[in-house]
Each structure stands twice: as C-alpha cells, then as structure tokens.
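Reminder, nothing fancy here: chain letters follow the sequence lines and each chain counts from 1. Side-chain atoms are counted along with the backbone in the values below, which use heavy atoms only and exclude waters and symmetry mates.
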Number of protein chains: 2
Amino acid sequence: MALIAPDKENQIPDIVIGRLPVYLRALAYMHQQGKRTTSSSELGRRLGISSAQIRKDLSHFGEFGKQGTGYHVQHLVKELRLILKLDKIWPVAVIGAGFLGHALASYNGFEERGFQIRWIFDTDPTQIGKVINDIPIQSMNELEKTIELETIKIALLAVPAIHAQSVTDRLVDAGVEGILNYAPINLVVPDHVNVGYSDPVVQLQHMTYYINPNEKF
Amino acid sequence: MALIAPDKENQIPDIVIGRLPVYLRALAYMHQQGKRTTSSSELGRRLGISSAQIRKDLSHFGEFGKQGTGYHVQHLVKELRLILKLDKIWPVAVIGAGFLGHALASYNGFEERGFQIRWIFDTDPTQIGKVINDIPIQSMNELEKTIELETIKIALLAVPAIHAQSVTDRLVDAGVEGILNYAPINLVVPDHVNVGYSDPVVQLQHMTYYINPNEKF
DNA sequence: TGTTACCTGTGAAATATTTCACCATTCTAA
DNA sequence: TTAGAATGGTGAAATATTTCACAGGTAACA
C-alpha cells in the first residue's frame, strides 16, 4: 500500500522563475527588431544557455512552441508576461533621493516592462517638494500613510546602509512585499517578503576571482 | 588498473565564489561593529543561509575556524580578501556619464571594498571635460588608447542598450576582462571575459511572480 | 577536574538542476 | 508526394549542490 504524499510539492523551482525575465527581455528585443519566430537554440545562443534548458524551463508552464517551427515571438512574450503577472503596471516607490534614487526615478525604461515609479521619499527637508521626472519628493514621515493608502507592494531601497534595515522594517510593517535593495547590506525580512540585491561591489568582487591583476597597481 | 583522469577538474564551483563577497560584506560589517569572533551559525542566520553551507564553502579554501570557538572575524576578512584578490585596489572605468554613470562615479563606497573609479567616458561633447568626483569625463574617442595605456581590466557599462554591444566589443578588444553591464540587454563576449548584469527590471519581474497585485490597479 | 554547551570540518546522503537522447511534428523543396 | 532538415517536449541519466550527522576539539564554569 503506497503512502501518498499529502501535499505533493509541485511548485516550480525559483531558479527557473529567475530566468524567465531574461528570456522575456531577449524575446521583447527580438520582437522589437521585427522577428516573428525563434527557436530554443537561437535563444540559447544569444543568452549563453543550452537550448534544452530553455525548453525544459518553459515546459513547466505549458507548451508554447511548435515542432519544426519553434516559438512565435510575440505569443511567447505575451505568455511570459502573464506568468510573471506583468499584464498590469506595478506602481513602485523609490526610497531615498540621493544620486542613485535620482537615477532610478529618472530612468524611463521601467514602464514598457511593467513598472512605474510613482513615489519618491527622502528625509532631507531641502529635498522635499523637489520634482524628479514629474514626481515630487515626499517626506519619510508620510511613508506608512502613503504605502497603506495606495497599497504599495514594491519599493526600491536607495538609502545609506546604516538606515537600510530600519527603513525595511517600516516598509514591511506597512505592507510592502517586494524590496530591491541597493544598500550594501543584507536585510532581514519575514518569509513572505521578497528581497533582491543590487550591490555592484559584490558583483565586481565575484569577477576579480577570475581576473589576474596587472603588475601596475 | 584504474584509469586516471588526465586533467582532474578540481576547480571550485562558481556558485561558491559568488557567495564569498556576500560573506565578506557581512564579516566586514561585523568587524566594523567591533565584533571579534563569529560562527557559521550566526553568519548563516544573518544571511539566511545554512551554517553547513558556509562551512562547506569555506572548506574549499582552507581551515579558517576553530572548533568550539568559531571564526576570528578580522582574520576571515583578510583571508577572503586574499582569495578574491582584493589586497590591491582595482582601478575601474565607467562608460557613460548619464544619471547612472554619474551616480556610480559619485558613490564613495567602492574604495574601501577594493575598487576605485578612475575614468569616465562619454560621447556627448557637452559633457566632456566636466568633472565628477574629481574625475574628468573623457571622450569615447580616447577609450582604446586609455584602456591599453592604463591596462584597465574592469569597466562599468552604463550606456543605452542600443550601444551596449558595440561598446562591449571595443572594451574587449582593448583588453577589458570584467564588465558590469547596466544596460538591459545580454552581451556576447569571448569566454575569457566575465560579465555581470544589473537590470532592476529583471529583478522586479522575478519578484512579481510571487506577489499578488492588489485590485486597485 | 568534570560537565556541559558550542563549534568546525567533512564524508555520505539527499535534493536539485542540467543535459542527454529520442519521438513526433512541421516545413521546404525537389 | 516524398525526403531531409529543423524543432519542441520530455522521461531518464548525469551532474551539481545542499544538507545531514557526527567525530573531534574548545571554552566556561561549577
């Protein structure tokens, strides 16, 4: 008599989810270039990934290709956007209006890929009220109130490392569920909150392992 | 008679290398806080990683801890810096002097972690000659000449996506071996060149898979 | 000194991920 | 109509990565 797993884990590996946005980016680019169809091998060549991996990844979500032909680019773009819940625009808050917060708020590449920066917060009284890319900088005093009122789910965290954890705690308490952290520090958050990290130094230090420095320095 | 592998692969997994900078960052932080010793379990708790993984990772490079006691923070920091070749400062070039290039060049957190921004390049004639954080913006016409003369090995790529691949080709031809790419596009490079990617949208799209949008938008 | 609570480093086991290899299908062109 | 080349989906096999679990070793303290 076989024992049946009561709650068969059938969830898709996170590592697979993490590749989907990369596929989407490449496919959207192809679409923009006027390309109608592509194949797992062509996509793999562009991304430096094996074709089998791409097919296997996509197979978790359905059958999107056609044997002999490949994938219809526009269709696959549409499907990936649905899977990643990008059929609506996600409103996003930027926390911190330093150089980096300014650069993020000024970047116009978010919207066509599913996001819109709608709020900017800072503590500096001399910054508050200034406008970046049509968005007025708000006081951090209004953080919780605004997050709850607007049900903001995603924030870009561009504050000094020393304040990153305390601001994170405030964001989480107010209901934020996704944080992209630019401060060079690890954040502690509850399980239901997703954190992404962007620390250029971490990435550079990863590279230096493989590079031989020259004698000059 | 045993067949002996002629070229036994004994290299350390890249995924392990990728975690070392994160360990280093946390340890340097502890050191700054005045902490003398730590343990794999404490470090793991902070980073959301199992203690076994940390011990296993470090074991690839030697024995740095002491049973019953744990790790001497300052010592482990020193060892990790050696492993990652951070005992000297790596000079770095920023390509592109837009908002992002400006933010990168203005950031003062590089130096204490092993890097120094020393050059900034842009095509815009009205930008050339301007100074950011003591560094004058140079013309892209001087790119190859400067890279070769100074033997620049690492570059931060902050140019529009449309130019990213062609600039990359120039960097690689001139001798750059590590590129941190901020443009939302995949780069094709030879095997010996290391590329890191930083695209906030890719990270946000990864998160949205796990977050339920609210009804408001 | 004896006892207890902690630690590391590490083989072995358990999982997770990637790759292989092949069938069925599609398209092209002779 | 048929042959040949290309392609997706997918179990099975191969690899890679993580976790387990325990033999020492250390420190603190009664």
Which residue lies more 5' along DNA chain C, comparing A:T69 with B:S40 via nearest heavy atoms: B:S40
[X] [atom1] - [N] [atom2] separation (whole Å):
| X | N | atom1 | atom2 | answer |
| --- | --- | --- | --- | --- |
| B:L58 | C:dG9 | CG | P | 7 Å |
| A:R55 | C:dC20 | CZ | P | 11 Å |
| A:I54 | C:dC20 | CD1 | P | 14 Å |
| B:D57 | C:dT10 | CG | P | 13 Å |
| B:R36 | C:dC7 | CZ | C1' | 20 Å |
| B:F64 | C:dT10 | CZ | P | 11 Å |
| B:Q67 | C:dG9 | CD | C1' | 7 Å |

Are any non-hydrogen side-chain atoms of A:L156 and B:P200 less than 4.5 angstrom apart? no
Within a strict 4.5 Å, meaning less than it, do heavy atoms of the A:Y197 and A:Q203 side chains meet? no
Are there over 12 heavy-atom neighbours, none belonging to A:K78, within less than 6.0 Å of that residue's NZ? no
For B:Y29, I'd like to know if atom OH has over 12 heavy atoms of other residues, nucleotides or ligands within 6.0 Å. no
Side-chain H-bond candidate by donor/acceptor type, A:N186 with B:R25, under 3.5 Å: yes
Counting any heavy atom closer than 4.0 Å, what does B:S51 reach on the DNA or RNA strands: base, sugar-phosphate only, or nothing? nothing
How is B:I15 classified with respect to the nucleic acid when contacts are heavy atoms under 4.0 Å: base, sugar-phosphate, or nothing? sugar-phosphate
Taking for each residue the nucleotide of DNA chain D bearing the nearest heavy atom, is the 5' side occupied by B:G68 or by A:S41? A:S41
Name the residue closer to the 5' end of DNA chain D, choosing between A:A52 and A:G70 according to the nucleotide with the nearest heavy atom. A:G70
Of all nucleotides in DNA chain D with an atom under 4.0 Å from a non-hydrogen atom of chain A, which is the first and which the last going 5' to 3'? D:dA6 to D:dA12
Consider side chain to side chain contact (heavy atoms under 4.5 Å, CB included). Of B:V167, B:I95, B:L187, B:V189, which one does B:N181 pass it with? B:L187
Qualifying salt bridge (charged side-chain N to carboxylate O under 4.0 Å, His left out) pairs, either residue in residues 97-106 of chain B, two or more places apart: none
